[in-house]
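Any value given below was found using the heavy atoms of this structure, including those in side chains, with hydrogens, waters and symmetry copies removed. A, B, ... follow the sequence lines: proteins, then strands. Residue 1 opens every chain.
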Number of protein chains: 2
Amino acid sequence: MSLPHAILTALLEKPSSGLELTRRFDRSIGYFWSATHQQIYRELGKLEAEGHIRALPSEQPARGQKKSYEVLPAGRAELARWTAASQDPKPHRDPLLLRMRASAVVGTDGIEADLRRHLALHREQLAEYEEIEKRDFPPGRDTPQDRLRHLVLRAGIDLETFWTQWLTHALEEFGELPDTGPA
Amino acid sequence: MSLPHAILTALLEKPSSGLELTRRFDRSIGYFWSATHQQIYRELGKLEAEGHIRALPSEQPARGQKKSYEVLPAGRAELARWTAASQDPKPHRDPLLLRMRASAVVGTDGIEADLRRHLALHREQLAEYEEIEKRDFPPGRDTPQDRLRHLVLRAGIDLETFWTQWLTHALEEFGELPDTGPA
DNA sequence: ACGTTTTATGCAACTAGTTGCACAACGAGG
DNA sequence: CCTCGTTGTGCAACTAGTTGCATAAAACGT
């Protein structure tokens, strides 16, 4: 039940068309919620039908024409309601950790290369986040909005830091392991 | 595509019935992969049909009767193949971080209580993992299998540590914030 | 003026996970 | 003996997310 609310947040920050939203989901929103353009178009349709958003009147709505949306009061209210509502944390699901555990049973052949690849990817992501932090959150400005957004970015940075450390540690262990093979 | 492999791993560690698997998914396997009993029964059916596992012959297969499964060579081979195969990391999806970001737009009313609740839950989970670590991984034993399993548990511990720290930090920030309200 | 690429929107089918319920057997208590 | 709670298995319907493809307009080179 999060995607519509992610879209409402994004639209409140700035009214956008479906494709613009898709691009923003690949960037800032994307570091803790991702969505494909199909999901977004479908959801925009639903949100419009529910009266939470509406198409900006200015543009003509032909196919292949840009169509921008803005949030209506009902949409803002729904977002506020959802944000304040208590939600249980969902359990993690991490295929890599699962494979790690499986490798204790069927042997570690092949997984090491993928650990290295993941490490490289996480390092890249970390560097990107740190770049964003330097650019968007310089020491000076700190309105409440800035602080909250910075906090969210910090979560991203700290999570990527955790992964790079954990993977580094895992690879060190692999170095010491008597070479592989199933149990 | 991970659930069947999680089940194969669990069954290799110890042949079990559906309900036993469900219980184990609530415990050890569960800290990075969760599943309901319905998912598990459905998947056991598929795995049996594919010839990856089979029901232990000893027990009679009436409804309401325990039915245990063991992994066949084909199943072990499939698990080894999957474990070694390269997989891209899937992007995170975290509703709490999303709500944090939304609260920068619609105000922080109500979310603080839920942050406290999450903090308490993560502290609990952390304590539980540390308990398991003390019990299952005392300084002495370190076969390769132990090391790998310990590594996975460490990931769980470090992730919970991250969340408790991040939530603590977030709540501190809230204390300093000029009281709430939408943008 | 014409074909190719890019931008933009969208449908349909599929996969994975969740929720709600049903049903059978067994054990314990009145 | 017979109801009631527990254990164990399972179906059906629903929700969320993914993948593959279709379509239309505009932008651009030749």
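- With sequence neighbours excluded, no residue forms a side-chain contact (heavy atoms from CB on, under 4.5 Å) with Glu124(A).
- A heavy atom lying under 4.0 Å from DNA chain D marks none of the residues of residues 79-89 of chain B.
- Residues from residues 12-28 of chain B that place a heavy atom under 4.0 Å from any atom of DNA chain D, listed by number: Ser17(B), Gly18(B), Leu19(B), Arg23(B).
- When all heavy atoms are compared, the tightest approach of Gln39(A) to Ser34(A) is OE1-O, 4.4 Å.
- A salt bridge links Glu70(B) with Arg54(B): at least one charged nitrogen is closer than 4.0 Å to a carboxylate oxygen.
- Under 4.0 Å is where a charged nitrogen must lie from a carboxylate oxygen, and between Asp88(A) and Arg117(B) at least one such pair does.
- Contacts of Trp163(A) classified as ring-ring contact (aromatic ring centres under 6.0 Å, His included), with partners at least two apart in sequence or in another chain: His122(A), Trp166(A).
- Side-chain N or O atoms of His52(B) include none that pairs as donor or acceptor with a backbone N or O of Glu48(B) at under 3.5 Å.
- Put simply, CG on Leu98(A) is 11 Å from P on dG17(C), counting in whole angstrom units.
- Residues meeting the salt bridge (Lys or Arg N to Asp or Glu O under 4.0 Å) test with Glu13(A), sequence neighbours left out: Arg24(A), Arg149(A), Arg101(B).
- Taking atom CD1 on Ile7(B) and atom P on dA16(C), their separation rounds to 13 Å, with Å as the unit.
- Per the geometry, CE belonging to Met1(A) stands 12 Å off P belonging to dT19(C), to the nearest Å.
- By the 4.0 Å N-to-carboxylate-O rule, Glu20(A) lies too far from Lys14(A) to be salt-bridged with it.
- Between His150(A) and Phe137(A), the distance from one ring center to the other falls under 6.0 angstrom.
- Listed in residue order, the members of residues 33-53 of chain B having a heavy atom less than 4.0 Å from DNA chain C are Trp33(B), Thr36(B), Gln38(B), Gln39(B), Arg42(B).
- Ion pairing between a basic and an acidic side chain is recognised when a charged N comes within 4.0 Å of a carboxylate O; Lys134(B) and Glu130(B) show no such pairing.
- Atom CG of Asp94(B) and atom P of dG17(D) are 13 Å apart (whole Å).
- Phosphate contact (OP1/OP2 of dG10(D), side-chain N/O of Lys67(B), threshold under 4.0 Å): present.
- Salt-bridge annotation for Asp114(A) and Arg99(A): present, with a side-chain N of the basic residue lying under 4.0 Å from a carboxylate O of the acidic one.
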